[in-house]
Colleague: 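Have a look at this one before I ask anything.
Throughout, a chain's letter reflects where its sequence line sits, starting with A, and its residues are numbered from 1. In this text, all values refer to a predicted model and were calculated from it rather than measured experimentally.
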Protein chains: 2
Amino acid sequence: MINLMLGDCLERMKEIRDGSVDMILTDPPYGMSFQSNHRKTKHSKIKGDSNLYWLDDWCSELYRVSADNTAHYVFCSFHHVDKFKQALERLFKIKNVLIWEKNNTSMGDLKGDFAPKYEMIIFIHKGRRLINGKRDPNILKFSKTKNELHPTQKPVDLLQYLIGKFSDSGQLIFDPFMGSGTTGVAAKNLNRKFIGIEMDKGYFEIAKNRIESA
Amino acid sequence: MINLMLGDCLERMKEIRDGSVDMILTDPPYGMSFQSNHRKTKHSKIKGDSNLYWLDDWCSELYRVSADNTAHYVFCSFHHVDKFKQALERLFKIKNVLIWEKNNTSMGDLKGDFAPKYEMIIFIHKGRRLINGKRDPNILKFSKTKNELHPTQKPVDLLQYLIGKFSDSGQLIFDPFMGSGTTGVAAKNLNRKFIGIEMDKGYFEIAKNRIESA
DNA sequence: ACTACGGTTGAATCCTGAA
DNA sequence: GTTCAGGATTCAACCGTAG
């Protein structure tokens, strides 16, 4: 079962039944500008809300739709980790903050700072979910995707790893900020069901095509 | 110049002159025991939440004693990164969150979680301080010290690396939570001046001996 | 005119991995 | 080896407006 919705996730999530989702795996917009004058490959502009006013309502809906005894992942940069952690913490149990170590660094302040080489992944439980297989360290090394369709596209193998560790075959994975649909591809590859929501029509079509042909 | 003080850093810091410190490098107590009690209540009141009530006053004093255009490091676990980031952010500029990747993992939840393999280091500026040498990634691999004198003892080579990157020979390093004195040893090895404060008399003596014989 | 402030624009510059 | 491209960017200069 694959269910893709075009629209604002705060609205469309209302259509999802209480306790029906076995894993949320998503990469919310951080509220940064993606338009760089130096990037060769330009992506369409993504709406940046740096005030993150929607966070609390969003977390409440996530809690409502998720089943008991499930584990979930929310990608996050260190710039906003405090706000995301506190919003999630009101309802979920913060289990860990995983570090996705990339194979490259990004730009940032070249003279007064260290070079960004990772993204954070807030790992939460509703109730208690046991790990599948062995317990791995909380630093995960995966190479970045080449020729990205979306500026923050995640590697499929990273998402498949995360899905495999804390969900079972046939369970339902949910991504409220679908982007180019990598979470859906990973879910389908592992025989999970999937619900994805995306507001941008261009990315929605890309996601639909990618997941169909996966 | 090495100046070691026995006492509560919130009190003893008052003796340090405005703008006299070139780098703060410290590992504050996290108050983990309070945290675990608090977890049982889901809709937690922030008031009386943990023993981090001293954070805001502490940050104000750090800001007062530090010179303009200086860089500083505060160690932190992911459990409390939100509170430390927000307290520091009121006055300092958050530049980065560094990841100290250890060579081993610690215990934690063996069945429902990933294994902790890192500590966070909040990296802040007062004004703007340029890097010494090249710009390195924000994931730092250093092996843990063996036969520790203190439960959260840091490797000397890690602290020397951090000191070397953002301070100069002859400048003053300050550690308000000195513990077993590793920051002082690193500072002395690199010909920096040092002020350290420690409340516990046992650790104070250990630190004094270690720094003297460094 | 003279700052002061806010928003926008464009230049800078470095490590890593892939070719 | 050697070259080359690119990266959830930051900083500073530059206007336009307001006081």
Side-chain angles (χ1 to χ4, degrees), chain A residues 25-52 54-55 73-85 97-122 139-155 157-159 175-183 198-200 202-203 206, chain B residues 68-69 71 85 89 92-99 101 123-141 161 165-166:
Chain A
L25 172 51
T26 194
D27 179 25
Y30 300 165
M32 294 175 150
S33 165
F34 291 89
Q35 292 287 20
S36 164
N37 298 320
H38 285 257
R39 290 186 69 149
K40 296 271 169 71
T41 57
K42 303 271 183 178
H43 298 280
S44 67
K45 187 145 190 174
I46 295 172
K47 188 164 63 179
D49 288 321
S50 58
N51 61 5
L52 302 176
W54 48 271
L55 255 182
Y73 305 97
V74 178
F75 280 77
C76 182
S77 89
F78 71 80
H79 295 98
H80 298 289
V81 67
D82 51 325
K83 304 179 201 81
F84 277 91
K85 175 172 177 285
V97 176
L98 312 181
I99 300 295
W100 168 35
E101 181 175 356
K102 307 183 222 184
N103 55 342
N104 67 338
T105 55
S106 30
M107 302 184 65
D109 182 349
L110 300 167
K111 290 184 183 167
D113 198 0
F114 297 82
K117 195 175 167 38
Y118 69 85
E119 296 293 328
M120 292 179 175
I121 308 168
I122 302 181
I139 299 187
L140 314 170
K141 291 176 200 177
F142 285 87
S143 292
K144 238 177 114 55
T145 307
K146 280 178 281 184
N147 303 320
E148 293 174 336
L149 301 166
H150 187 279
T152 69
Q153 192 169 329
K154 303 295 175 283
D157 54 354
L158 168 59
L159 299 191
D175 185 350
F177 296 106
M178 185 166 54
S180 58
T182 314
T183 305
E198 172 57 40
M199 186 158 53
D200 182 277
Y203 287 123
I206 291 171
Chain B
D68 287 337
N69 302 316
K85 175 172 177 285
E89 203 160 37
F92 294 93
K93 176 164 190 178
I94 308 281
K95 293 292 289 186
N96 216 316
V97 176
L98 313 182
I99 301 295
E101 181 176 356
F123 177 62
I124 58 179
H125 278 195
K126 175 176 181 176
R128 177 162 171 79
R129 176 57 157 87
L130 302 187
I131 282 191
N132 295 337
K134 74 187 176 79
R135 177 176 178 254
D136 295 328
N138 58 358
I139 299 186
L140 315 171
K141 292 172 200 186
Y161 169 79
K165 271 294 167 191
F166 280 93

Colleague: Is there, by distance only and without an angle test, a donor paired with an acceptor across the side chain of A:Asp109 and the base of C:dA12 below 3.5 Å?
Modeller: no
Colleague: Report which part of the nucleic acid A:Lys102 touches: base, sugar-phosphate, or nothing (heavy-atom distance under 4.0 Å, all strands).
Modeller: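 Sugar-phosphate contact only - A:Lys102 comes under 4.0 Å of backbone atoms but never of a base.
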Colleague: Atom CZ of A:Phe84 to atom C1' of D:dA8: distance rounded to whole Å?
Modeller: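 Atom CZ in A:Phe84 sits about 12 Å away from atom C1' in D:dA8.
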Colleague: Atom CD of A:Glu119 and atom C1' of D:dT9: how far apart are they, to the nearest Å?
Modeller: 12 Å
Colleague: Flag the pair B:Phe123 / B:His125 as yes when their ring centroid distance falls below 6.0 Å, and as no otherwise.
Modeller: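 Yes, close enough.
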Colleague: Take atom CG of B:Asn138 and atom P of D:dG7, then tell me their distance rounded to the nearest Å.
Modeller: 18 Å
Colleague: Which stems does DNA chain C form, counting runs of 3 or more consecutive Watson-Crick or G-U wobble pairs with both distances under 3.5 Å?
Modeller: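 Listed by first number, the stems are C:2-12 with D:9-19, C:14-19 with D:2-7.
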Colleague: Indicate yes or no: does B:Lys93 engage A:Asp109 in a salt bridge with an N to O separation below 4.0 Å.
Modeller: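 A:Asp109 and B:Lys93: not salt-bridged.
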Colleague: For a side chain to side chain contact (heavy atoms under 4.5 Å, CB included) with A:Met120, tell me which candidate from A:Phe75, A:Phe78, A:Trp100 qualifies.
Modeller: A:Phe78
Colleague: Please state how far atom CG in B:Leu130 lies from atom C1' in C:dC14, giving the value in whole angstrom units.
Modeller: 15 Å
Colleague: Can you tell me the distance, in whole Å, between the CH2 atom of A:Trp100 and the P atom of D:dG7?
Modeller: 12 Å
Colleague: For A:Ser143 and for A:Lys111, find the nucleotide of DNA chain C with the closest heavy atom, then tell me which residue's nucleotide is more 5'.
Modeller: A:Lys111
Colleague: Classify the ring geometry between A:Phe84 and A:Trp54 as parallel (under 30°), tilted (30 to 60°) or perpendicular (over 60°).
Modeller: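 A:Phe84 vs A:Trp54 ring planes: perpendicular.
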Colleague: Just by distance, do the side chain of B:Asn138 and the backbone of B:Leu98 share a donor-acceptor pair under 3.5 Å?
Modeller: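 Answer holds: no.
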Colleague: Using a heavy-atom cut-off of under 4.0 Å over every strand shown, decide if B:Asn96 touches base, sugar-phosphate, or nothing.
Modeller: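 Contact class for B:Asn96: none.
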Colleague: A:Leu25 and side chain to side chain contact (heavy atoms under 4.5 Å, CB included): which partner among A:Leu159, A:Ile121, A:Thr182, A:Val74?
Modeller: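 Considering A:Leu159, A:Ile121, A:Thr182, A:Val74, a side chain to side chain contact (heavy atoms under 4.5 Å, CB included) with A:Leu25 is found only for A:Leu159.
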Colleague: Could you tell me the separation between the NZ atom of B:Lys134 and the C1' atom of C:dT13, rounded to a whole number of Å?
Modeller: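 Interatomic distance, NZ of B:Lys134 to C1' of C:dT13: 15 Å.
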Colleague: If the cut-off is 4.0 Å, is A:Lys144 near the phosphate of D:dA8, judged by side-chain N/O to OP1 or OP2?
Modeller: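 Yes, such a contact exists.
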Colleague: Give a yes/no answer on whether the side chain of A:Lys117 brings an N or O atom under 4.0 Å of OP1 or OP2 in D:dA8.
Modeller: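 Indeed not, no polar side-chain atom of A:Lys117 lies that close.
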Colleague: Looking at side-chain heavy atoms only, is the closest gap between B:Glu89 and A:Asp82 below 4.5 Å?
Modeller: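 Side-chain contact under 4.5 Å: yes.
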Colleague: A:His150 has an atom NE2; how far is it from atom C1' of D:dA8, in whole Å?
Modeller: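 A:His150 atom NE2 is separated from D:dA8 atom C1' by 10 Å.
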Colleague: Measure NZ/B:Lys165 against C1'/C:dC15 and give the value in whole Å, please.
Modeller: 12 Å
Colleague: Considering only D:dG7, D:dT10, D:dC11, which nucleotide approaches the side chain of A:His79 most closely?
Modeller: D:dT10
Colleague: If I pick the P atom on D:dA8 and the same atom on C:dA18, what distance separates them, to the nearest angstrom?
Modeller: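 About 15 Å, rounded to a whole number of Å.
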Colleague: Check whether any side-chain N or O of A:Thr105 sits under 4.0 Å from OP1 or OP2 of C:dT16, and answer yes or no.
Modeller: no
Colleague: Please compare A:Asn103 and A:Ser106 by the position of their nearest nucleotide in DNA chain C and report the one closer to 5'.
Modeller: A:Ser106
Colleague: Heavy-atom distance under 4.5 Å between the side chains of B:Asp136 and B:Lys165, does that happen here?
Modeller: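 Sidechains of B:Lys165 and B:Asp136: in contact.
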